[in-house]
Amino acid sequence: MKKNKYKILVLSDLKKTTVSTLKSTVNLAKMIGGEVSFFYVKKPSDVVLRDNQLSAMRSINEQYNSTDSIISKIIKPISKATDVKIKHSFSFGNVKSEIAKQIEEQQPDIIVLGKRKPKMINVIGDHITDFVLKNYKGVIMIAANDGTVKPINSLSLGVLSENEESLNFKFTEDLIKHSQQPLTSFSVVEKGSKLKESVNSKNAIEFVFEQGDNAISNISKYLVKSNINLLCVNRATSGIRNVIDKTNVSLLLYANA
């Protein structure tokens, strides 16, 4: 019996990192057997209205056609190059309300967001990442801006955990079988003054760090040294916002099934 494809929803602000985010999404979709939908919300203040009703309608139609054209120009080359169909839609309205409505309608298995630099104004809306974390309980991918989740033949998978729990979400096995090196595990412990490295019985490489203000920053450096391009993090991890802000690779935030 053929299983249904995982539904992946990309929430975008149409900024310059959109292409990188979409490429990461498509590569993920090819590994796990997913279908991709792209969604954008334009704030009412960005839709220029006119003094009379006729001019207002004309302005809205112009904005609609322009937005559709912009999205199509981004999506079509990626879809053609990867042979992955990408559905797209957009709306004009309150950003958070429209996103909530889209999540309710689509019931995605995974939501993809582009990564924001800390303290930058988020033009898709205030604190959208926090909003999605609070209102959506499924898997979330935070796609890094300076590099995409690699395609099937070059994925390198890592996991950040607070204990020795094993990865356990819907498509764990799909990801692991595509990883081109042993799973690399990073954890933070209360005691110990040095980074410890070991290889467990399952050939997973383990790095253990001392708890402290710089723990996540130090892990971020080792992610680069270890060539990790997708780091799995349990959504229940303490200081999850700090992990999102300070790590420099794409993140897959999950809750154990």
* Structure fact -> Heavy-atom nearest pair, Ser24 first then Ser250, reads OG-OG, 4.4 Å
* About how many Å separate CD1 of Ile240 and CG of Leu253, when rounded to the nearest 0.5 Å? -> 5.0 Å
* Lys/Arg N to Asp/Glu carboxylate O, Asp245 vs Arg241, below 4.0 Å -> yes
* Got Phe186 and Val233 here, is their nearest side-chain heavy-atom distance under 4.5 Å? -> no
* To do: Could you grab the distance from atom CD1 of Ile8 to atom CG of Leu28, nearest 0.5 Å is fine?
  => 4.5 Å
* Structure fact -> Between the CD atom in Gln102 and the OH atom in Tyr40, the distance rounded to the nearest 0.5 Å is 14.0 Å
* Would you kindly check if the NZ (Lys) or CZ (Arg) of Lys134 is within the cone defined by 45 degrees around the ring axis of Phe131 and under 6.0 Å from the six-membered ring centre? => no
* Do Asn227 and Ser156 have side-chain N/O donor and acceptor atoms under 3.5 Å apart? -> no
* **Side-chain touch Asp68/His88, heavy atoms, less than 4.5 angstrom** => yes
* To do: Mark yes or no for whether Ser97, through its side chain, and Asn94, through its backbone, hold a donor-acceptor pair below 3.5 Å.
  => no
* Distance-only, no hydrogens or angles: does the Ser69 side chain make a donor-acceptor pair with backbone N or O of Asn65 under 3.5 Å? -> no
* **Check: Arg235 side chain, Ile140 main-chain N or O, donor-acceptor pair, under 3.5 Å** => no
* Determine yes or no for a side-chain-to-main-chain donor-acceptor pair under 3.5 angstrom, with Ser12 supplying the side chain and Leu14 the backbone. => yes
* To do: May I ask you to test the Lys85-Val36 pair for a side-chain heavy-atom distance under 4.5 Å?
  => no
* Nearest-0.5 Å distance, CG of residue Leu160 to CG of residue Leu251 -> 9.0 Å
* Measure the shortest side-chain to side-chain distance between Lys170 and Asp109 over non-hydrogen atoms and say whether it is less than 4.5 angstrom. => yes
* Among Thr184, Val249, Leu230, the one residue meeting side chain to side chain contact (heavy atoms under 4.5 Å, CB included) with Leu223 -> Val249
* **From Leu22 atom CG to Ser79 atom OG, the distance as rounded to the nearest 0.5 Å** => 10.0 Å
* Does Glu104 come within less than 4.0 Å of Lys101, counting only side-chain N to carboxylate O? -> no
* **Least distance between heavy atoms, Lys177 atom then Asp174 atom** => CG-O, 3.3 Å
* Structure fact -> Rounded to the nearest 0.5 angstrom, the OG1-CD1 distance for Thr129 and Ile111 is 11.0 Å
* To do: Under the side chain to side chain contact (heavy atoms under 4.5 Å, CB included) rule, what do Ile103 and Asn135 come out as? Steps first, then yes or no, please.
  => CA-CA 9 Å; Ile103 293 172; Asn135 292 278; 5.9 Å; no
* **Worked verdict on Phe38 versus Phe90 for ring-ring contact (aromatic ring centres under 6.0 Å, His included)** => CA-CA 8 Å; Phe38 180 96; Phe90 59 92; 9.6 Å; no
* Under a 4.5 Å cut-off applied to non-hydrogen side-chain atoms, are Val112 and Leu11 in contact? -> no
* Asked: So, the side chain of Asn234 versus the backbone of Ala255: is there a donor-acceptor pair under 3.5 Å, distance only?
  -> no
* Sidechain-backbone polar pair: Asn229 side chain, Leu155 backbone, donor-acceptor under 3.5 Å -> no
* Taking the side chain from Thr18 and the backbone from Lys15, do they hold a donor-acceptor pair closer than 3.5 Å? -> yes
* Asked: Any luck finding a side-chain donor-acceptor pair between Glu206 and Ser185 under 3.5 Å?
  -> no
* Does the side chain of Lys42 come within less than 4.5 Å of Ser91's, by heavy atoms? -> no
* To do: Would you confirm whether Tyr6, through its side chain, and Pro108, through its main-chain N or O, come within 3.5 Å as a donor-acceptor pair?
  => no
* Asked: Just by distance, do the side chain of Ser179 and the backbone of Leu157 share a donor-acceptor pair under 3.5 Å?
  -> yes
* **Exam field: side chain Asn214 to backbone Ser217, donor-acceptor pair closer than 3.5 Å** => no
